[in-house]
Every structure is written in structure tokens, then in C-alpha cells.
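The next block holds one structure in the form of C-alpha cells; read it before the comments.
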Amino acid sequence: LSKVEEKELTPLQEALSQLIRQLQRKDPSAFFSFPVTDLIAPGYSTIIKRPMDFGAMKEKVKNEYYQSLEELKEDFRIMCENAMIYNKPETIYHKAARKLLHSGMKILRPERLESLRQSIE
Ligand SMILES: COc1ccc(OC)c(-c2cc(C(C)=O)n3cccnc23)c1
């Protein structure tokens, strides 16, 4: 082990990290990489009750918060829906969120998660 204790990732953490990497490739503008602040989005924190972003997801993987692949899928859906709630339909963020949700649901489709689940059991 190096000086800083390197913690081995569990199979679930490995699978979750791989899924997040694949999902983030569908967000080339990195609009979903970090929390949306009230500074860049006025009133955001009063409108959006469950903020979510890819950085928060990675933190939850690191802290072993997710107990299943489904929980990641739920957070991903919330993240995209937040953007479609706060941002008006004609904005680049609303459009990016709808496109991201669509491509993300292919990456996270049930049969894909089922086979991934079996491979880590
Ligand atoms: C223009 O560059 C950036 C950079 C980071 C962002 O969020 C992390 C956003 C961003 C991301 C969002 C979302 C996802 O709603 N957003 C909404 C209103 C105004 N800005 C944003 C934009």
C-alpha cells in the first residue's frame, strides 16, 4: 500500500464507477459534473429539493452509500429531472438533460443492470 492507505474498491463500487464514467461521457459540456449553485441558477435551492450531480454520485460510491445499481439509476434520473424542472424547455440545460436522460436510460437499461448484477454477485 502507498503512504496514503489505498482502499480496494468492492465489485459493486467498481461497477458503479464504470457506469458513472459511461454516463459522464454523455455530458460533454460537464453541465452535470458539479452541483448547480444559486449563483449560476437563481432560486435553484428553493425549487429543487433533491439536488444531484455526477460528483455527488462519485462521493456516494466512495462512501459505499449505494447498496445496489438501482440506487444509482434513481439518482441519475433525479439529476436529469431536476434540470428539466428548473430550466425552461427551450434552454440548453433542459435539452441537454432530456438527451442525457434518454442516452443514460440505455446505459442503465434493466437487462444491462441485471447482467452486471450477476457478474458482481
Ligand atoms: C455554463 O457553464 C456551466 C457550468 C456548470 C454548470 O453546472 C454545474 C452549469 C449549469 C448546469 C445547470 C443545470 C444542470 O441545471 N445549469 C442551470 C442554469 C445555469 N447553469 C447551469 C453551466
Side-chain angles (χ1 to χ4, degrees):
L1 285 176
S2 65
K3 283 187 281 306
V4 176
E5 290 299 297
E6 272 176 50
K7 247 181 108 184
E8 292 275 308
L9 289 182
T10 65
L12 176 62
Q13 285 175 307
E14 285 289 356
L16 290 164
S17 304
Q18 181 202 1
L19 287 172
I20 292 171
R21 275 194 302 276
Q22 287 170 5
L23 294 167
Q24 278 209 268
R25 283 207 295 268
K26 305 295 182 183
D27 171 33
S29 310
F31 291 153
F32 300 88
S33 301
F34 307 106
V36 181
T37 62
D38 284 340
L39 216 59
I40 62 173
Y44 194 85
S45 61
T46 56
I47 296 164
I48 298 302
K49 297 306 168 203
R50 290 189 65 189
M52 186 47 62
D53 62 275
F54 284 125
M57 290 179 206
K58 285 189 245 186
E59 197 57 27
K60 289 172 85 167
V61 171
K62 185 165 149 257
N63 301 333
E64 299 190 74
Y65 189 94
Y66 293 122
Q67 294 305 307
S68 72
L69 300 172
E70 278 305 321
E71 287 165 42
L72 174 72
K73 184 171 181 175
E74 190 44 44
D75 273 353
F76 174 78
R77 191 194 300 279
I78 288 166
M79 179 181 74
C80 297
E81 285 168 353
N82 287 344
M84 292 190 282
I85 291 163
Y86 176 83
N87 302 285
K88 298 199 175 7
E90 65 276 3
T91 61
I92 52 166
Y93 306 114
H94 187 112
K95 290 175 184 158
R98 200 173 44 233
K99 196 169 168 221
L100 179 61
L101 180 63
H102 189 71
S103 44
M105 284 300 129
K106 287 191 201 132
I107 292 167
L108 300 169
R109 66 185 177 283
E111 50 274 13
R112 173 92 187 281
L113 293 188
E114 189 46 46
S115 63
L116 200 47
R117 202 190 337 270
Q118 266 144 32
S119 73
I120 55 180
E121 257 157 22

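Count residues from 1 along the sequence.
A heavy-atom distance below 4.5 Å is not found between the side chains of Glu81 and Arg98. In this structure, Leu108 and Leu69 have side chains that are not in contact, with every pair of non-hydrogen atoms separated by 4.5 Å or more.
Panel note: side chain Glu70, backbone Gln67; no donor-acceptor pair is recorded below 3.5 Å. For the pair Asn82 (side chain) and Arg50 (backbone), a donor-acceptor distance under 3.5 Å is present.
Listed by first and then second residue, the ring pair (Phe, Tyr, Trp, His ring centres under 6.0 Å) pairs involving residues 9-28 amount to none (not counting sequence neighbours).
The line from NZ of Lys26 to SG of Cys80 is 13.0 Å long, rounded to the nearest 0.5 Å. A distance of 11.0 Å separates OG in Ser45 from CG in Leu39, rounded to the nearest 0.5 Å. To the nearest 0.5 Å, atoms CZ (Phe31) and NZ (Lys95) are separated by 12.0 Å. Between Tyr93 atom OH and Ser29 atom OG the span is 9.0 Å, to the nearest 0.5 Å. Atoms CG and CZ, from Asp27 and Phe54 in turn, are 5.5 Å apart once rounded to the nearest 0.5 Å. Here Ile78 contributes atom CD1 and Leu101 contributes atom CG; the two are 12.0 Å apart, rounded to the nearest 0.5 Å.
Taking all atoms of both residues into account, the shortest heavy-atom contact from Gly43 to Asp38 is C-OD1, 3.8 Å. Scanning all heavy atoms of the two residues, the minimum distance from Val61 to Gln13 falls at O-NE2, 2.9 Å. Closest approach of Asp53 and Ser33 over heavy atoms only: OD2-O, 3.1 Å. Across every non-hydrogen atom of Met84 and Ala97, the tightest pair is CG-CB, 3.7 Å. Closest non-hydrogen pair, Lys60 versus Asp75, comes out as NZ-OD2, 2.7 Å. The shortest non-hydrogen separation linking Tyr65 to Glu71 is O-OE1, 3.7 Å.
Comment: Lys88 does not engage Glu90 in a salt bridge, judged by the lack of any side-chain N to carboxylate O separation of less than 4.0 angstrom.
For Lys62, the salt bridge (charged side-chain N to carboxylate O under 4.0 Å, His left out) partners are Glu59, not counting sequence neighbours. Partners of Gln22 by side-chain contact (heavy atoms from CB on, under 4.5 Å), not counting sequence neighbours, listed by chain and number: Gln18, Leu19, Arg25, Ile107, Arg112.
Hydrophobic side-chain contacts under 4.5 Å tie Leu9 to no other Ile, Leu, Val, Met, Phe, Trp or Tyr residue. In the hydrophobic clustering (ILVMFWY side chains linked at under 4.5 Å, chained through shared members), Phe34 stands by itself. Hydrophobic cluster of Val36: the remaining members, joined at side-chain heavy-atom separations below 4.5 Å, are Ile40, Tyr44, Ile47, Ile48, Ile85, Tyr86, listed by chain and number.
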- Item | Stepwise side chain to side chain contact (heavy atoms under 4.5 Å, CB included) test for Phe76 and Met52 | CA-CA 8 Å; Phe76 174 78; Met52 186 47 62; over 6 Å; no
- Task: Determine, stepwise, if the pair Lys58 / Gln24 fulfils side chain to side chain contact (heavy atoms under 4.5 Å, CB included).
- Result: CA-CA 11 Å; Lys58 285 189 245 186; Gln24 278 209 268; 2.8 Å; yes
